[in-house]
Amino acid sequence: MFVGIALVCEEQPACTIGVLTVEQPSSSVRVRFAPSPTGQVHIGNIRTAIFNWLFARGHGGKFLVRVEDTDRERSTPEAIRVLFEVMEWLGLDFDEDPVYQSACVSRHKQVAEDLIARGLAYKSDKGASGMGEAILFRMPKEDVRFTDLIKGEIAKPGDSLQDFVIVRSDGTPVFHLANVVDDIDMGITHVIRGDDHVENTFRHIRLYQALGAPLPQFGHLPMIVNHQGKPYSKRDGAAFVGEFRDTGYLPDALFNFLSLLGWNPGDDREYMPREELVAAFDLARVQSSPAQMDLKKLSWMNGCYMADLPIALFREEAIRRLQAEGLVDAATDAAYVEAVLELIRSRVKVWPELIELAVYFFREDYPFDAKAVRKRLLKPGVSELLDRLREGYAGLSEWSESALDEALRSALGADQENAGTLIHPVRVAVSGQAGGPGLFEMLQVLGRDRVLTRLERGSRIAAGTLTVGE
RNA sequence: GACCCCGUCGUCUAGCCAGGUCCAGGACACCGGGUUUUCAUCCCGGCAACACGGGUUCGAAUCCCGUCGGGGUCGCCA
């Protein structure tokens, strides 16, 4: 028996001819992300986009976008804008002009008419509400089987397959027809989509065959589900990409986290920069069972990216946020802001925390944590201790960490052992909080004027002559 | 109901295809300890799973069958 040998060239390197470098198409892979714009982009949808993107980039193929905007009600210009906005935010760049499905409607109808002409589809008004006839595809009654890139062999008995509508009685094409025709027209080689489409695939395969088009490879991604195993929805928490962005998550962190939902590199790596993900991504390692979102882990990962954020980027975004909050403006001393950011940088896990961590550096009416006040300030003797410390600090010749440290210990007098009895009240007095940066570096940055004022106020709070809200 | 898919720590998962090196490894979370004046970080330690039942085999998380459980789909959503 003779066996044909196919030479499959997955990656063709660029050929160098003299000084001329010729870019060769290194791969024929063409995948697409085909969302229907609804004004929000669901986390599961964007995860599908990410996997497609990773697959395309890893194979030197093309990542395309097709906007399935045939639902005129929901597909507003605004919804489409949001779609591209979140894609850009996540760095999901695409290779060719987006295709708008609404522009292909006449083509879809033409294809349906051709199918009727060839006896592969027919008109029927069964079940219609008197609006006219729909066009149904005549589903062959033989078994359908295909090898899913992720789930392996999948088959469905022919007798469980039924004819289905491809053009509604109002003349508009149905998803199945539009989707398949557009994929053919766009030359899609790998259809990578959600698990909720496996049933559709049996029908789509028949459509491809009826249209005489080569079958693409199919891969079905496991769903992202909630605690009950049901598809993750907005009722389960943040479900839209925009929410994560607005909450202050870093795009790279969300990207990394979502990549790991249903896929893993096969080793212990989890924190993986984009290039590493591209290099490691492999559809064969995608799970076939659904995955649950773990927001705690997302937060952890965000913290990793936050810690590795280049200092310049951190500064830029932090200042933008402080300004938006009215804590900083053009008149604020830049060196002071810089010093503050230096202190709190390692403590910011998610952007919104920045404000809470920084507020007392920039205004006197910062909030006081009631529990901390009760525990640290409202104790006998604290008021006097703070007064004594204030006197010491007022006369300090050098406002440095070491000098502040020394002065605090001498204010303690004989009670050197329990520096905490003064350190904690001071912290609450100057920051209103129970935790934060190291005390002395914090005092040093705050500066003498602020510290003295706040110690005085703290003393009054401790003495009960001043009450603070919150 | 029929059909399709899925089932390893609380969660994401490694291991399964090519059975032994797995009394099941990593991460997040949680608990305890250390570092820190505090919080966070960091370091160390701990808890915790092969859905169940048969079978094949000297040996099964890994192969086969069944059961149970979950999800999806079932002519005008995408």
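The shown structure was predicted, so the numbers you read here are calculated from the model rather than taken from an experiment. Chain identifiers are assigned alphabetically (A, B, ...) following the order of the sequence lines, protein sequences preceding nucleic acid strands; residue numbering begins at 1 within each chain.
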To the nearest Å, how far apart are Leu343(A) CG and A40(B) P? 17 Å
Please determine whether the number of non-hydrogen atoms from other residues, nucleotides or ligands lying under 6.0 Å from atom CD of Glu342(A) exceeds 12. no
Looking across every strand, which nucleic acid part, if any, lies under 4.0 Å from His220(A) by heavy atom: base, sugar-phosphate, or nothing? nothing
Grab the NZ-C1' distance between Lys123(A) and G75(B) for me, whole Å please. 17 Å
Trp300(A) or Gly435(A), whichever maps to the more 5' nucleotide of RNA chain B: Trp300(A)
Base, sugar-phosphate, or nothing: which does Asp159(A) touch, judged by heavy atoms less than 4.0 Å apart? nothing
Can you tell me if Glu401(A) has over 12 outside heavy atoms packed within less than 6.0 Å of its CD? yes
Can you check the Asp196(A) CG to U73(B) C1' distance for me, whole Å? 10 Å
Expressed as a whole number of angstroms, how long is the span from Arg203(A):CZ to C4(B):P? 15 Å
Output the rounded distance in Å from NE2 (His424(A)) to C1' (C39(B)). 11 Å
Please list, for nucleotides 12-15 of chain B, all pairs of protein and nucleotide N/O atoms separated by less than 3.5 Å.
{"from": "C12(B)", "atom 1": "OP1", "to": "Gln292(A)", "atom 2": "N", "distance (Å)": "2.9"}
{"from": "C12(B)", "atom 1": "O2'", "to": "Leu260(A)", "atom 2": "O", "distance (Å)": "3.1"}
{"from": "U13(B)", "atom 1": "OP1", "to": "Gly262(A)", "atom 2": "N", "distance (Å)": "2.7"}
{"from": "U13(B)", "atom 1": "O3'", "to": "Asn264(A)", "atom 2": "ND2", "distance (Å)": "2.6"}
{"from": "U13(B)", "atom 1": "O3'", "to": "Gln287(A)", "atom 2": "NE2", "distance (Å)": "2.8"}
{"from": "A14(B)", "atom 1": "OP1", "to": "Asn264(A)", "atom 2": "ND2", "distance (Å)": "2.5"}
{"from": "A14(B)", "atom 1": "OP1", "to": "Gln287(A)", "atom 2": "NE2", "distance (Å)": "3.4"}
{"from": "A14(B)", "atom 1": "OP2", "to": "Gln287(A)", "atom 2": "NE2", "distance (Å)": "2.8"}
{"from": "A14(B)", "atom 1": "O3'", "to": "Arg285(A)", "atom 2": "NH2", "distance (Å)": "3.3"}
{"from": "G15(B)", "atom 1": "OP1", "to": "Arg285(A)", "atom 2": "NH1", "distance (Å)": "3.3"}
{"from": "G15(B)", "atom 1": "OP1", "to": "Arg285(A)", "atom 2": "NH2", "distance (Å)": "3.2"}

Check every strand shown and say whether Ala34(A) touches a base, only sugar-phosphate, or nothing at a heavy-atom separation below 4.0 Å. nothing
